[in-house]
Amino acid sequence: MNLDELKPLWESYKTQVNDQSEWSASELSQLIQTRPAPVLWYQRAQRPLLHFCVSCFLMGITSGC
Amino acid sequence: MAKVSLQEEFLRLITTQQKLIHSLCGLYFSQSEDRKDMFQEIVLQLWKSFPSFKNQSKESTWIYRIALNTIFTKLRKDKARPKNEPYSDDVYQISEATSSLELTQATQELYGAIEQLSDLDKAIITLYLEEYSYDEIASILTLSRTNVSTRINRIKVKLERLLKTNGHEFR
């Protein structure tokens with residue numbers, strides 16, 4: 001079986017499901033009343049900083065410091 | 001002002017791309033109320049992470065990644081929940097009345113076949129049918145490329161068997 005043959009059927013499925021479930025812009029707007037909390041600069045840097053600290057720690061203990 | 005433009009931008013994106021979310025909700029949840037709840041949950045998760053979305057990936061890729069994560073989290077929670085709560089007859093009546101999607105016969109056969117796959121396989125075949133490459137699928141689902149390739153071959157065999165039992169013939 002060639003899976004690509006199913007692509008038109010998949011498109012048809014998406015259209016039919018969307019026709020039955022579609023939300024209007026006003027309904028969506030009501031759903032997202034509150035603004036998402038902004039991602040602060042230090043939150044973006046948290047993971048790289050953690051990686052850096054762990055690397056330093058590992059280098060420290062493996063080099064005998 | 002910034003709030004309005006952020007909101008408008010997000011609404012424009014979801015209005016045009018909501019088809020993707022509905023198609024996923026339809027595959028993973030058979031009850032219309034569950035589908036609706038999951039749609040809301042996904043939209044809220046997307047809204048929460050929208051400020052950090054900087055077009056590093058395609059909009060649809062970003063939506064699929066968050067939608068699938070949200071769905072898998074919900075499914076994990078549901079599986080962990082004890083299943084010994086008794087239901088009343090009313091609940092069954094409501095379920096029967098609101099469960100099914102109205103689909104044409106050919107589409108229903110495809111839906112029925114995909115619905116029988118495992119949760120992860122459903123995600124893989126969805127992304128494949130959306131014309132994502134093996135590498136992109138692997139990246140979205142945090143799998144290896146080899147794993148994706150092997151699974152797609154198995155899915156192909158399963159779907160062929162399931163669709164043939166429904167009378168479909170593919171080359």
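In what follows, every chain begins at residue 1, and chains take the letters A, B, ... in the order their sequences are listed.
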- request: Heavy atoms only: give me the nearest A:Gln16-B:Leu103 pair and the separation to one decimal.
  value: OE1-CA, 3.0 Å

Exercise: identify the closest heavy-atom pair between A:Lys14 and B:Ser23: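 What the structure gives for the nearest pair is CG-CB, 3.6 Å.
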
- prompt: For B:Ile114, is it the side chain, the backbone, both or neither that has a heavy atom under 4.5 Å from a heavy atom of chain A?
  reply: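 It is the side chain, since no backbone atom gets that close.
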
Atom group of B:Gln108 that falls short of 4.5 Å from chain A, counting heavy atoms: neither

B:Arg76: salt bridge (Lys or Arg N to Asp or Glu O under 4.0 Å) partners, not counting sequence neighbours: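 None.
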
task: Please name all residues satisfying salt bridge (Lys or Arg N to Asp or Glu O under 4.0 Å) with B:Glu59, sequence neighbours left out, ordered by chain then number.
output: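 By the salt bridge (Lys or Arg N to Asp or Glu O under 4.0 Å) rule, B:Glu59 matches B:Arg12.
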
Sub-4.5 Å side-chain heavy-atom contact between [X] and [Y]:
{"X": "A:Trp23", "Y": "B:Lys36", "value": "yes"}
{"X": "A:Val17", "Y": "B:Arg35", "value": "no"}
{"X": "B:Leu27", "Y": "A:Tyr13", "value": "yes"}

Gap between atom [atom2] of [Y] and atom [atom1] of [X] - 0.5 Å precision:
{"X": "A:Glu11", "Y": "B:Thr107", "atom1": "CD", "atom2": "OG1", "result": "11.0 Å"}
{"X": "B:Ile155", "Y": "A:Leu3", "atom1": "CD1", "atom2": "CG", "result": "8.0 Å"}
{"X": "A:Leu6", "Y": "B:Lys156", "atom1": "CG", "atom2": "NZ", "result": "10.5 Å"}

Partner chain A: residue of B:Thr15, B:Thr104, B:Leu24 with the largest heavy-atom pair count (under 4.5 Å):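 The answer is B:Thr104.
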
Single-linkage hydrophobic cluster A:Leu50~A:Leu58, side-chain heavy atoms < 4.5 angstrom: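 They do share one cluster, since a chain of ILVMFWY contacts under 4.5 Å joins A:Leu50 to A:Leu58.
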
message: Hydrophobic clusters here meaning ILVMFWY residues chained together by side-chain heavy-atom distances under 4.5 Å, can you tell me if A:Phe52 and A:Phe57 are in one?
response: no

message: Sort by residue number and list every residue of residues 123-139 of chain B having at least one heavy atom under 4.5 Å from chain A.
response: B:Ile125, B:Thr126, B:Tyr128, B:Leu129, B:Glu130, B:Glu131

field: Any donor-acceptor N/O pair, B:Gln7 side chain to A:Ile32 backbone, under 3.5 Å
entry: yes

Considering only distance and modelled atom types, tabulate donor-acceptor pairs under 3.5 Å from the side chains of residues 38-45 of chain B, sequence neighbours left out.
residue : atom : partner : partner atom : Å
B:Glu41 : OE2  : B:Gln45 : NE2          : 3.1

